[in-house]
Amino acid sequence: MRLATLVTFLAGITVACAQPVVAEDSLIINLGPKSRALHMVIGHQQVAVTPAFEDYSNMLFDLCDAMELKVSDSCAIYAMNASIGKNAIATIEDGNRVIIYDRELSPLVGYAGAMMIIGHELGHHFCHHLDKLDGSPHDKELAADRFAGAAMRKVGNSLSDALASVPVLDERPSRSHPARADRVVSITDGWMHPETGKECRP
């Protein structure tokens, strides 16, 4: 089953299975070097995804509402859960925009941290980072952080809530991600100046 059939796939599902890897309602997608995804899992993998648990879906809806994004346009995104090494990714599969969130992150970052991470992935989609092959990966990450910081402020969360995911961020920069300190600056600036969240800039 491909993600082009997600509307049908999700229509009859009200509660996601607690064990997505073996769930009958899971969908296998391929993630690899040719995937349109940010925060890629390492190497080529087949990942079993299931519709996101209600709380994660509600986080996405609340963030979309706070940023005044319409489901028919900027927020036409499927929230999914999967085991992807305590990570979260924004991806496009068969033309469908998807956020995949690993629930194993939640014990590390709490509810606010999970919302911040989902807001970050939403920022990637809003800024069309997956459609742009050029540009600095660090700038894209910082722009998504700014977006998420602004979204957390607009949804009514405190600055400490917006920074709840910081402990899982790498302290040192990598080829794909800036250093933790730089990301804290962007998150904080987005929260302090939420009107800049949609500017898609670092």
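We count residues from 1, following the sequence as given. When reading the values below, keep in mind they use all heavy atoms of this one structure, side chains included, and skip hydrogens, waters and symmetry mates.
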Starting at CD1 of Ile89, measure out to CD1 of Ile117 and round the result to the nearest 0.5 Å. 13.5 Å

Going from CG on Leu159 to OG1 on Thr188, what distance comes out if it is rounded to the nearest 0.5 angstrom? 5.0 Å

Which heavy-atom pair separates Glu104 from Ser83 by the least distance, and what is that distance? OE2-OG, 4.2 Å

Can you tell me if CD on Glu195 sees more than 12 non-hydrogen neighbours from other groups inside 6.0 Å? yes

State the CZ-NE2 distance between Arg153 and His193, to the nearest 0.5 angstrom. 9.5 Å

Is there a side-chain contact between Phe147 and Cys200, using heavy atoms and a 4.5 Å cut-off? no

If two hydrophobic side chains count as joined below 4.5 Å and joins carry through other members, does Met115 share a cluster with Val71? no

Might you point out which heavy atoms bring Ala90 and His124 nearest each other, and give the distance in Å? CB-CB, 4.0 Å

Between Phe61 and Phe53, is there a shared hydrophobic cluster once you connect ILVMFWY residues whose side-chain heavy atoms come closer than 4.5 Å? no

Distance-only polar pair, side chains of Ser158 and Asp161, donor-acceptor under 3.5 Å: yes

Please give me the minimum heavy-atom distance between Ala150 and Gly197, naming the atom from each residue. CB-CA, 3.7 Å

Look only at the side chain of Asn81 and the backbone of Tyr101, and say whether a donor-acceptor pair between them is shorter than 3.5 Å. yes

Is there a continuous path of hydrophobic side-chain contacts, each under 4.5 Å between heavy atoms, that joins Leu163 to Val185? no

Could you verify whether a donor N or O on one side chain and an acceptor N or O on the other, from Glu141 and His120, lie under 3.5 Å apart? yes

Under a 4.5 Å cut-off applied to non-hydrogen side-chain atoms, are Arg183 and Leu142 in contact? yes

For a 4.5 angstrom cut-off between non-hydrogen side-chain atoms, does Glu121 reach Ile77? no

On a heavy-atom basis, the closest approach of Ala79 and Ser57 is CB-OG, 4.2 Å

Enclosure of Lys132 NZ (heavy-atom neighbours >12, cutoff 6.0 Å): yes

For the residue pair Ile100 and Val98, what are the closest heavy atoms and their distance? CG1-CG1, 3.7 Å

Do Pro167 and Leu108 come within less than 4.5 Å of each other through their side chains, counting heavy atoms only? no

When rounded to the nearest 0.5 Å, the distance separating NE2 of His128 from CG of Leu130 is 10.5 Å

Evaluate the side-chain proximity of Cys75 to Leu122: yes if any heavy-atom separation is below 4.5 Å, no if none is. yes

Between Asp102 and Gly85 (side chain of the first, backbone of the second, donor and acceptor by atom type, cut-off under 3.5 Å), is there such a pair? yes

Mind listing the closest non-hydrogen atom pair of Thr196 and Gly190 along with its distance? OG1-CA, 4.5 Å

Do Ile92 and Asp131 touch side chain to side chain, with heavy atoms closer than 4.5 Å? yes

What's the spacing between Ser165 OG and Asp145 CG if we round to 0.5 Å? 7.5 Å

Check whether any side-chain N or O of His138 sits under 3.5 Å from a backbone N or O of Ser174 as a donor-acceptor pair, and report yes or no. yes

Can any side-chain N or O of Arg146 pair as donor or acceptor with the backbone N or O of Ser186 at less than 3.5 Å? no

Rounded to the nearest 0.5 Å, what's the gap from CG on Asp62 to NZ on Lys154? Could you check? 14.5 Å

Using a 4.5 Å cut-off on heavy atoms from C-beta on, say whether the side chain of Leu69 contacts that of Lys198. yes

Please tell me if the side chains of Arg180 and Val166 come closer than 4.5 Å, counting only heavy atoms from C-beta onward. yes

